[in-house]
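Reminder, nothing fancy here: chain letters follow the sequence lines and each chain counts from 1. Computed from a predicted structure; not experimentally measured.
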There are 2 protein chains.
Amino acid sequence: MPPVSPATRVRNAAATRSAILQAARERFARDSYENVGVRDIASGAGVDAALVSRYFGSKEELFAEVLKSGKRGLDVIGEDMDGLPERVADLLLDQPAEDKPLDDLLVALHSAGSPQAGHMIRASISERFHVPLAQLLGGENAELRARVFGAVLMGMAISQKVAGEFEIAPEVREPLRARIADLVRLALSPL
Amino acid sequence: MPPVSPATRVRNAAATRSAILQAARERFARDSYENVGVRDIASGAGVDAALVSRYFGSKEELFAEVLKSGKRGLDVIGEDMDGLPERVADLLLDQPAEDKPLDDLLVALHSAGSPQAGHMIRASISERFHVPLAQLLGGENAELRARVFGAVLMGMAISQKVAGEFEIAPEVREPLRARIADLVRLALSPL
DNA sequence: TGGTCATGTCAACAGTTGCTGACAAGATGA
DNA sequence: TCATCTTGTCAGCAACTGTTGACATGACCA
């Protein structure tokens with residue numbers, strides 16, 4: 001008996017491209033730029049590795065596309081300044097798992113140290129997070145305050161998601177939530 | 001004319017081992033675990049790449065040795081609680097360049113995302129930073145507060161060193177220093 | 001001096017990486 | 001139905017990785 005035709009993949013360039021992009025985002029959110037291979041990505045998307053190069057030119061361009069197509073910072077933390085500190089605290093303490101709003105942050109974190117991906121991440125964070133947040137903040141040194149806030153957010157996210165810390169007892173959850181909110185408030189307050 | 005004998009390296013196992021260790025720390029402070037090769041390290045130490053495996057067993061064991069031989073957290077931020085927030089702020093804002101007290105922090109940051117090096121870093125940070133700092137802090141939830149402080153420190157260090165941010169105008173330097181110190185104070189305060 | 005062990009060098013290994021070109025095969029229009 | 005373009009597959013390249021074993025050579029002791 002001849003081997004069955006392997007599921008006769010439907011030919012759809014746009015769908016394939018976006019499958020690769022999505023698989024790439026998933027991998028880059030869990031590993032560093034260097035540690036994610038195009039073969040991993042391709043197999044995650046269920047396609048041949050050669051298509052990654054074909055559709056995106058290179059791994060580096062694919063990574064840039066992942067950054068570009070990610071959520072904008074304000075989509076994650078919300079545009080409303082009221083209650084923002086508490087929302088951020090919840091975001092950090094909860095396990096969203098829903099539509100993975102922190103995936104883009106994780107992508108940045110995992111590859112922030114990479115010399116190849118670093119400058120792309122820096123530019124992306126500035127353009128997609130610091131600048132719009134600074135506009136929303138207004139006032140003096142808005143961008144500097146946005147960066148301080150970003151730094152606090154980064155550190156918390158690293159500890160929580162990457163380093164696996166903050167395995168906290170239930171009774172300290174509320175105080176910790178309040179503490180994080182206070183830190184955010186302080187970071188954003190007039191300077 | 002025969003090629004001159006290449007500087008006739010003195011044979012000294014201890015010195016060679018420590019040269020490799022030092023070169024490894026320098027590289028790991030500037031690049032991620034995956035991105036640093038044993039050949040880079042060896043050439044930085046002026047020795048053959050094979051000696052890395054010989055003296056340390058494997059790249060992974062060498063990395064563990066780098067972590068183990070690094071400065072302890074309290075050696076960097078000081079044991080005295082008085083003025084600690086300001087000292088930390090100075091540490092972050094200045095370019096020490098002296099004996100590179102932040103190199104060990106950078107090692108952790110660059111490779112925190114690595115699946116191979118991650119668990120080692122987590123263990124090392126906990127043992128060499130969180131636990132002793134918690135003892136120094138005392139009081140309720142000391143270790144949790146130490147971790148929150150560590151998270152803030154991490155985020156600032158990432159923004160400053162890795163992401164190259166905080167290129168600040170001279171006139172905001174003082175307010176920023178005060179802000180960072182306040183954040184540290186808040187992170188460490190009773191919860 | 002001669003012998004022996006520690007130390008350093010070299011070449012090569014098996015595996016991986018990103019990427020490319022030749023080819024197969026579905027889809028589309030005449 | 002035939003030709004053409006698009007989409008997907010496959011094999012393989014060249015460069016790199018960590019690691020190993022065989023070998024050379026220095027240092028040290030009897």
Side-chain angles (χ1 to χ4, degrees), chain A residues 2-24 27-28 30-66 110-111 113-117 120, chain B residues 2-24 27-28 30-66 110-111 113-117 120:
Chain A
V4 290
S5 143
T8 51
R9 151 165 298 279
V10 288
R11 295 181 163 234
N12 183 338
T16 300
R17 214 189 110 101
S18 106
I20 292 174
L21 193 62
Q22 181 185 337
R27 310 287 161 138
F28 284 133
R30 278 149 194 76
D31 266 331
S32 68
Y33 178 81
E34 287 81 17
N35 241 343
V36 174
V38 295
R39 285 172 178 84
D40 309 341
I41 296 172
S43 93
V47 304
D48 190 275
L51 290 188
V52 174
S53 294
R54 181 117 94 220
Y55 278 109
F56 293 91
S58 68
K59 178 183 172 182
E60 196 161 342
E61 291 172 88
L62 169 59
F63 187 79
E65 192 83 10
V66 167
H110 274 113
S111 298
S114 158
Q116 295 191 71
M120 289 188 272
Chain B
V4 289
S5 144
T8 51
R9 153 165 296 278
V10 288
R11 290 175 170 240
N12 183 338
T16 300
R17 213 190 111 99
S18 107
I20 293 174
L21 193 61
Q22 182 184 334
R27 310 289 160 138
F28 285 133
R30 279 149 195 76
D31 265 331
S32 68
Y33 178 81
E34 287 82 17
N35 242 344
V36 174
V38 295
R39 286 171 178 84
D40 310 340
I41 297 172
S43 92
V47 303
D48 190 275
L51 290 188
V52 174
S53 293
R54 183 117 92 222
Y55 278 109
F56 294 90
S58 69
K59 177 183 172 183
E60 196 162 342
E61 291 172 89
L62 169 58
F63 187 79
E65 193 83 11
V66 167
H110 275 113
S111 298
S114 159
Q116 295 190 73
M120 289 188 270

Has the side chain of B/R11 got a donor or acceptor atom sitting under 3.5 Å from an opposite partner on the base of D/dT25? yes

So which heavy atom on B/V66 is nearest to which on B/A24, and how close? CG2-CB, 3.9 Å

Set out, line by line, the N/O atom pairs under 3.5 Å between protein and nucleotides 28-30 of chain D.
none

For DNA chain D, what residues of residues 30-40 of chain B have any heavy atom nearer than 4.0 Å? B/V36, B/G37, B/V38, B/R39

Measure across B/H110 and B/D31 and return the closest heavy-atom pair with its distance rounded to 0.1 Å. CB-O, 3.5 Å

Does the side chain of B/E34 come within less than 4.5 Å of B/P115's, by heavy atoms? yes

A/L51 side chain: which of C/dC10, D/dT9, D/dT7 is closest? D/dT9

Mind listing the closest non-hydrogen atom pair of B/Y33 and B/K59 along with its distance? O-NZ, 2.8 Å

Return all side-chain donor-acceptor pairs below 3.5 angstrom for residues 39-57 of chain B, not counting sequence neighbours, or 'none' if the list is empty.
unit_1: B/D40; atom_1: OD2; unit_2: B/G37; atom_2: N; d: 3.0
unit_1: B/S43; atom_1: OG; unit_2: B/D40; atom_2: O; d: 3.3
unit_1: B/D48; atom_1: OD1; unit_2: B/A50; atom_2: N; d: 2.8

So what does B/Y55 hit on the nucleic acid, given a heavy-atom distance under 4.0 Å: a base, only sugar-phosphate, or nothing? sugar-phosphate

Report yes or no: does A/S58 contribute a side-chain atom to a donor-acceptor pair with the main-chain N or O of A/E61 at less than 3.5 Å? yes

Minimum heavy-atom distance between B/E65 and B/L21, given as atom pair plus value: CG-CD1, 3.7 Å

For A/A50, answer base if it contacts any base atom (sugar-phosphate contacts may also be present), sugar-phosphate if it contacts only those atoms, and nothing otherwise; contact means non-hydrogen atoms under 4.0 Å. base

Nearest-Å distance for atom pair CZ/P, residues B/R54 and C/dT7: 9 Å

Distance test, side-chain N/O of A/T16 to OP1/OP2 of D/dG8, below 4.0 Å: yes

